[in-house]
Amino acid sequence: MSEFKTIETQEELDRIVETRLARQKERFADYDQLKDRVKELETENVGLKSALETSKQESASSSKQIEELEGKVAGYETTALRTRIALQNGLPYDLADRLQGSDEAELTADAERLVGFLRTTEPVPPLKDIEPVKGDNAMKQMLQELVNKGE
């Protein structure tokens, strides 16, 4: 090390202090640039966070819409299957909604059971009317009796 010199004048002290400050400033010369870059990155981070939240909301909305549409498609497929099975088994179109089951085999079994209730084995002829006819028939009968007896 060098020998210590006493500082005798103010100019010498100022020069020593300036030299020390200059070395310190060189050490932190890029501080202002780093400070500006940190501010830029914080601003960018806030923007990215808001974009992420927006993206999450859109994704949730899209997922919900997809689930709703898949539910509708499943409902339409089930309705079409019920209608097809009802028509194949000879059921009226209006009774297709009454079929119950989760798959084609269950719906077909239910349609066959329902057809069994709707179809009759043989047509039944109407019964003979044994009730006496009221009204003008009494007059007709009296006239027929008169005609048959004659004079």
Side-chain angles (χ1 to χ4, degrees), residues 1-140:
M1 277 203 176
S2 63
E3 294 181 26
F4 179 73
K5 262 172 123 180
T6 59
I7 303 171
E8 299 177 0
T9 63
Q10 183 65 38
E11 289 83 27
E12 280 184 51
L13 179 63
D14 289 342
R15 186 180 50 80
I16 293 173
V17 170
E18 283 180 16
T19 306
R20 175 69 178 124
L21 287 175
R23 279 188 299 170
Q24 194 66 22
K25 281 184 182 179
E26 285 178 21
R27 191 170 170 198
F28 295 107
D30 61 347
Y31 178 75
D32 291 333
Q33 292 174 348
L34 291 175
K35 187 176 176 182
D36 292 339
R37 181 66 178 149
V38 167
K39 285 182 183 179
E40 289 175 12
L41 290 175
E42 286 176 348
T43 304
E44 185 179 342
N45 192 13
V46 169
L48 290 175
K49 283 182 180 179
S50 66
L52 178 66
E53 287 300 318
T54 304
S55 170
K56 283 181 181 178
Q57 290 174 353
E58 289 175 357
S59 175
S61 173
S62 297
S63 297
K64 183 178 178 182
Q65 186 178 12
I66 287 171
E67 288 177 11
E68 289 175 1
L69 292 176
E70 286 177 347
K72 283 184 180 181
V73 167
Y76 291 144
E77 288 174 350
T78 303
T79 302
L81 181 64
R82 284 181 179 163
T83 303
R84 181 175 57 83
I85 290 174
L87 295 177
Q88 284 176 350
N89 288 298
L91 286 173
Y93 177 77
D94 294 337
L95 292 179
D97 290 340
R98 300 211 183 255
L99 295 179
Q100 295 179 355
S102 58
D103 61 354
E104 188 171 354
E106 291 177 5
L107 289 171
T108 303
D110 191 40
E112 290 171 354
R113 189 173 61 243
L114 189 58
V115 165
F117 289 120
L118 293 178
R119 290 189 182 150
T120 56
T121 55
E122 294 181 20
V124 178
L127 297 175
K128 180 181 175 188
D129 188 20
I130 57 172
E131 294 284 325
V133 180
K134 296 182 180 179
D136 291 337
N137 286 337
M139 183 68 90
K140 284 182 185 178

Identify the heavy atoms of [X] and [Y] that sit nearest to each other, and give their distance.
X	Y	result
Arg98	Asp110	O-OD2, 3.8 Å
Ile85	Asn89	O-ND2, 2.9 Å
Gly101	Leu107	N-CD2, 3.7 Å
Ala96	Thr83	CB-CA, 3.9 Å

Let me confirm one number: the [atom1]-[atom2] distance from [X] to [Y], rounded to the nearest 0.5 Å.
X	Y	atom1	atom2	value
Asp14	Glu12	CG	CD	10.5 Å
Thr108	Leu99	OG1	CG	8.5 Å
Ile16	Leu21	CD1	CG	12.0 Å
Arg82	Leu95	CZ	CG	12.5 Å
Arg15	Glu11	CZ	CD	10.5 Å
Leu13	Glu18	CG	CD	10.0 Å

Would a 4.5 Å heavy-atom cut-off, applied to side chains only, mark Arg113 and Gln100 as touching?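 Heavy-atom side-chain distance check fails, nothing below 4.5 Å.
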
Report yes or no: does Ser55 contribute a side-chain atom to a donor-acceptor pair with the main-chain N or O of Ala51 at less than 3.5 Å? no

Counting only pairs under 3.5 Å, give me each side-chain donor-acceptor contact of residues 61-78, with atom names and distances, residues two or more places apart or in other chains.
residue, atom, partner, partner atom, Å
Ser62, OG, Glu58, O, 3.0
Ser63, OG, Ser59, O, 2.9
Thr78, OG1, Ala74, O, 2.9

Test: salt bridge (Lys or Arg N to Asp or Glu O under 4.0 Å). Region: residues 34-51. Which pairs qualify, not counting sequence neighbours? Arg37-Glu40

